[in-house]
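Here the structure comes first, spelled out in structure tokens, and everything after it is commentary.
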Amino acid sequence: MSSIITSRIRQRQIYQMIASGKRLDGRGLTEYRPIKVEMGIIERAEGSARVLLGKTEVIAGVKVELGEPFPDRPSEGSFTVNSEFMPLASPEFEPGPPDENAIELARVVDRGIRESHAIDLEKLCLIPGKKVYVLFIDIYALNHDGNLIDASALAALAALMNTKLPVYVAEGGEIKKTSEYMPLPIKNYPVTVTFANIGDKMVVDPWLEEEEVMSARLTVAVDKDDKICALQKGGGGALTPQQILEAVQIAREKAKELRRLVVGNLG
Amino acid sequence: MSSIITSRIRQRQIYQMIASGKRLDGRGLTEYRPIKVEMGIIERAEGSARVLLGKTEVIAGVKVELGEPFPDRPSEGSFTVNSEFMPLASPEFEPGPPDENAIELARVVDRGIRESHAIDLEKLCLIPGKKVYVLFIDIYALNHDGNLIDASALAALAALMNTKLPVYVAEGGEIKKTSEYMPLPIKNYPVTVTFANIGDKMVVDPWLEEEEVMSARLTVAVDKDDKICALQKGGGGALTPQQILEAVQIAREKAKELRRLVVGNLG
Amino acid sequence: MSSIITSRIRQRQIYQMIASGKRLDGRGLTEYRPIKVEMGIIERAEGSARVLLGKTEVIAGVKVELGEPFPDRPSEGSFTVNSEFMPLASPEFEPGPPDENAIELARVVDRGIRESHAIDLEKLCLIPGKKVYVLFIDIYALNHDGNLIDASALAALAALMNTKLPVYVAEGGEIKKTSEYMPLPIKNYPVTVTFANIGDKMVVDPWLEEEEVMSARLTVAVDKDDKICALQKGGGGALTPQQILEAVQIAREKAKELRRLVVGNLG
Amino acid sequence: MSGKVKLINENGLRIDGRRPNELRPIKIEVGVLSNADGSAYIEQGKSKTLAAVYGPRELHPRHLALSDRAILRCRYHMATFSVEERKPPAPTRREIELSKVIREALEPAVFLEKFPRTSIDIFIEVLQADGGTRCIGTTAAALALADAGIPMRDLVAACAVGKVDGVLVLDLNDIEDKEGEADMPVAYMPSLGQISLLQMNGTLTYEEFNQALNLALEGCKQIYKLQKEALKAKYVAIKEEVETCLQS
Amino acid sequence: MSGKVKLINENGLRIDGRRPNELRPIKIEVGVLSNADGSAYIEQGKSKTLAAVYGPRELHPRHLALSDRAILRCRYHMATFSVEERKPPAPTRREIELSKVIREALEPAVFLEKFPRTSIDIFIEVLQADGGTRCIGTTAAALALADAGIPMRDLVAACAVGKVDGVLVLDLNDIEDKEGEADMPVAYMPSLGQISLLQMNGTLTYEEFNQALNLALEGCKQIYKLQKEALKAKYVAIKEEVETCLQS
Amino acid sequence: MSGKVKLINENGLRIDGRRPNELRPIKIEVGVLSNADGSAYIEQGKSKTLAAVYGPRELHPRHLALSDRAILRCRYHMATFSVEERKPPAPTRREIELSKVIREALEPAVFLEKFPRTSIDIFIEVLQADGGTRCIGTTAAALALADAGIPMRDLVAACAVGKVDGVLVLDLNDIEDKEGEADMPVAYMPSLGQISLLQMNGTLTYEEFNQALNLALEGCKQIYKLQKEALKAKYVAIKEEVETCLQS
């Protein structure tokens, strides 16, 4: 009982501050929490990265296998994005297969990478129609303090940039692994910027308490050329066209900040 | 509470009328509800049909793939029948994998088709031991007002009769799809006739309220030569040998009516 | 309520008797219940055995298939051990996939067989890298009156000793089954000896009521050369190093008794 | 069914030497498992089947309980090694269907209304399958129910009839089932004169069906007799045990 | 996307002859299923979709119920035969995601607070998929909710917009979706002026996005009109039926 | 194990340069996650493992709760990328078994009876596996329990011992585990003098076993010391933080 009352008071505080252009944790409406990106933290994975977004913590790993291409893309490698909300990350998360939230997150991250053509899939083909590189991008939420999507998209991009592909050589129709590695060919650097709609204001990078009071969420994936490469509205509320247009504009600016964290001068 | 009482009164009414040779909806004991069969309603499927049996509505689709034959039948194509009771069809149906009722229904429909050799499986072989046509007959219940089995068996037969097989040609050991289609080779026309045992009377084509009060169910599949090609007793009651023998006799007559609906002059 | 009281009285009795070196069923602390081993009871299986350990009853069957070897063991056959606690064996067992107890049992039995190299896997290779014998050892608990592990390990060993492999011959690159059979090549005879810790005493072969009051369980697998080839502590209690060392000593003696039951003079 | 096997020889005998209307040798034991409330084991030819009953017992989850009668539940399950090719451990669609029809074969025989809010659970394990396992499972389960002391209107005896090489035969074995023209399992409550399980695969004319049904009922009656003897044997055994105890 | 198909011809028309801002032919029926509390069927081009609503009804398991409002649940499901290659029966990740976004598209339109402790269940069955099924499913589900008599703030009308051969087009069909440069489904509540579903695949500049959004809203408004007509048609039909009854 | 690797060199040193009775470098951090009630992170050689504890907390479903004590639950889980070949996401039989033995290794250390009707949930995530992850997971979980403030009889420290090239060695890495002759993980409560986890793969004579057990206990005692230092470090850090707050 008392926790609900507290929470309502807290909720009102969050609303009132945001209405006046501020946030409970001192940030401005379009300000991200401090972000830390570490690459190459899992030596066993071909690529990996850890992202801290405030207290939100996410780890992404890339494993590379050989496999067959999809029949409609015989000369392209392939990748899949999976996400698991580990039960250690939040009292709300349960063990078991990914729920709709984890699936949605993985599919939004996937779309950003896929639609911006971030990975040069044509360079991942070893024998057309037969053997291609297959990438598994697995994202684990380790601590959930809000905005897992942006942290995950950033971790996935960083892990891809960190990925080394084992070099194979063709030998008499067979393919052989060498001891050499080459970097994964990357063509684009998509990042996502997520907004929460709280009392008609769109705030960037919502933390956990803001997510609990937001009416709707909007994620905008932006590529290196400032193009929008994926969108996803979430949550049980609605947004006006004007809110969406403004958010997309802001997202294009914020995306540059985020991209710089993993790409540095490249971006 | 009131619904239970109503239902008991209703139950008694159903019993009393049936005891006097009539039914609450005005039908005679061996009379089917109005039946409507529409074929070819799903252009994406190689075959399809929709059956309305009173307010009971069922849709069946046939998808054709190429696959390997079973090792013990190297020169025959194969087929499977699946059934799902969609949650939109009844407040009693839950989302999820098929339960024992849906599985039983699919297996009864399968037996009627298989045992009557309705599909000429030997003509579905492209390369013996290697490549055959594989048919998936998927049946969805869309509205459940009783006697899903007969509606499903009829929909499956109609969908099969509506099925067009893509024609393949052999080219240098490989097999290639052409743009041509041929009708599925059909050898027999099995239909099922289902009875409910209510107060020792066997009534044909029970609707939902009759199914709720019946003690046992009997399904008789009959082929084009008036032979019985599958039987299935269901429900937690029992039947006398005499009841069964009489029902089988009636089934052979009713089967002709049903068959005529899909086969027309062919049957 | 009364059952809990009874059980507490019973529990105390079990404790007190064991403290004085006796057991409620009259056995000494390191004494097994009467054991009966029957081999070859399932003609359909390539090998089978039934073990009665007091009232505990377990059946093991071996099925043989051909398959591909594991990439890292191209010239060895393979085997898996599965265990199911059938719901008919105990009011505590539920239908469904194996739970952690059944999985643990299967893995302990597996380890005893694998680590002692009981099966000569190199002799199970037909074409290196391509075709090997694959063995499925399936263990079903039929009646659970305690110590399913030892009964299962014994049944698995007996079923393996009873196993006949179909003989295959190579014919022009293909492999053909003949009508002949040969015995499975066995190199070692592992058995397990399980202890329950009850009031600081380690008792051998606990029956059901003892399992219910034990604080911890220790299983020791011993091979034909008196070597320890697997260990597993179970249960929510702990053991002193001294208890473990003594139990392992006793296990080596008891293992000889058990082995004699299936191996006879061979062991 | 290419390279077709001859299933009836020139003397009218079947592949295992039986006459058309002859059952396979049947061995029945009642009360074979100590934990179950009731149990039975049947060997019929090479088919080997175990059935056990737990209950009436408290039902979990509770909201499934009925206020006016017990719920009967049944699981028919085949051991992976019971058949020629190893059966995968997960329940097949066939096992799910047979669990349902066996439950519905037994339901009319049990006074479920005597045990409201409880469940009666039947577990059938096919250890070796050589035809007829659903019937044998039903026969064994009926005995296990009786052994558990659950009041019944009648026993349920089950037997398949089939058509092989054009001849109606009783109690099919595996080859007859697979290679024959029809297979029709029937469960019967002889004292009540009622059929509680009826399925059929294959094709039969009405006349054949009529004869087949009668042949099946004859088979069921023979099995019914064996069921009663097995139950009697168990009570004699118990009585003797008790008397031995009392005398010693 | 190799052997690229030409999707806009020299006259600026699309592969099925439509102008860029033209919807496909739409057929809407309301109240098509007798068991459901509300239902609707939509054919839009070759896409065929059925939606049904059950509720407000008691929620199982009960501990999921909310004391201050109803729970809205939604299952978007595709028939195995609705697509070119048979879809396996188990729910795909795509179906799970779309079930979520459709539920969240409808949620702001429903007065959930009027039905505490209950659930309102929406089932969408795609019988044939030729592009736009999440939008058509949303449109149909909104009608099914209205047909079930559930009080709503507004209807929800949904429509995709996309970019093919560099041109922004309305209401993509399957080829345009697969071969085009962008696909953006939008759900809109026209009277409220609010967007409740927004997704995008592909790449768009900000200017393109701005235009695309406006085009989508125009499409939604047209569909909204058709929704209202379909609801009216149903009530007229009912009224006539009632009057016929009264007269006869 | 063909092309056998040499695991002990001519100087008696191991493949990573360690002496037989030497642990790998160990880095321990306590309280690394903000949401969990307690947590710990351990790097031991190249193995990297995270453990978190939630509880005591209300148990769902409630009927699993015990009236006289808390239920301890444990999930040991490996990240798909933690091993050489990607591990499929679904729990393997190995993970299910290890979840059980780790839970049973910790259970005797926890005063479960102080928290009736609740659950204490332990989650162990192996981020990178290079041998010894069940022991490292147990060690980390014991710290997470302590960090959560759950009263304990003792910490649990775990360490494997094994036999490679005929030599008993402490704290096996992955190659030693895979190529060696035996692997024996042990969990120990040093102050209580009790072993709560014991498993063994491989073959050992009685004498070898006896020595191996003693070596393992020595390893556990060293780890125990590191555990205590890590806990102390955390409380010092907290204290300093508090003091800094008070001063500012």
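In this text the structure is predicted, and so the values were computed from the model without any measurement.
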> With only heavy atoms counted, which part of E:R103 is less than 4.5 Å from chain A, the side chain, the backbone, both or neither?
Replying inline: side chain

> Can you say whether E:L217 sits under 4.5 Å from chain A via the side chain, the backbone, both, or neither, judging by heavy atoms?
Replying inline: side chain

> If you count heavy-atom pairs under 4.5 Å between each of A:V248, A:T240, A:D225 and chain E, which one has the most?
Replying inline: A:V248

>> Which residue is it: E:K87, E:R75, E:R134? I am looking for the one with a salt bridge (Lys or Arg N to Asp or Glu O under 4.0 Å) to E:E95.
In response: E:K87

>> Counting heavy-atom pairs under 4.5 Å with chain A, which one of E:K100, E:E181, E:M184 comes out on top?
In response: E:K100

> Is a side-chain donor-acceptor pair under 3.5 Å present for E:N214 with E:N210?
Replying inline: yes

> Of the listed residues (A:P98, A:G112, A:G237, A:A216), which shares the most heavy-atom pairs with chain E below a 4.5 Å separation?
Replying inline: A:G237

> Judged by atom type as modelled, is there a donor-acceptor pair below 3.5 Å linking the side chain of E:R117 to the main-chain atoms of E:R69?
Replying inline: no

>> Could you check whether A:Y32 and A:N147, counting side-chain N and O atoms only, form a donor-acceptor pair closer than 3.5 Å?
In response: no

>> Quick one about A:Q13 and A:E209 (side-chain donor to acceptor, distance below 3.5 Å, no hydrogens or angles considered), yes or no?
In response: no

> Cut-off 3.5 Å, side chains only: do A:Q232 and A:R107 have a donor facing an acceptor?
Replying inline: no

>> Out of A:T219, A:I244, A:D226, return the one with the most heavy atom pairs under 4.5 angstrom to chain E.
In response: A:I244

>> Can you tell me which of A:C229, A:A221, A:S75 forms the most heavy-atom pairs within a distance under 4.5 Å of chain E?
In response: A:C229

> Just checking, is any N or O donor in the side chain of E:T133 or E:Y76 under 3.5 Å from an acceptor N or O on the other one?
Replying inline: yes

> Which residue out of A:E115, A:E104, A:Q242, A:R114 racks up the most heavy-atom pairs below 4.5 Å with chain E?
Replying inline: A:E115

> Any side-chain donor paired with an acceptor under 3.5 Å for A:N197 and A:S215?
Replying inline: yes

>> Looking at chain E, which one of A:V222, A:L239, A:I103, A:D99 has the largest number of heavy-atom pairs inside 4.5 Å, strictly under?
In response: A:L239

>> What part of A:R252 gets within 4.5 angstrom of chain E, counting heavy atoms only: side chain, backbone, both, or neither?
In response: side chain

> Of the backbone (N, CA, C, O) and the side chain (C-beta and beyond), which part of E:L213 lies under 4.5 Å from a heavy atom of chain A, both, or neither?
Replying inline: side chain

>> Which atoms of A:A230 are under 4.5 Å from chain E, going by heavy atoms: the side chain, the backbone, both sets, or neither?
In response: both

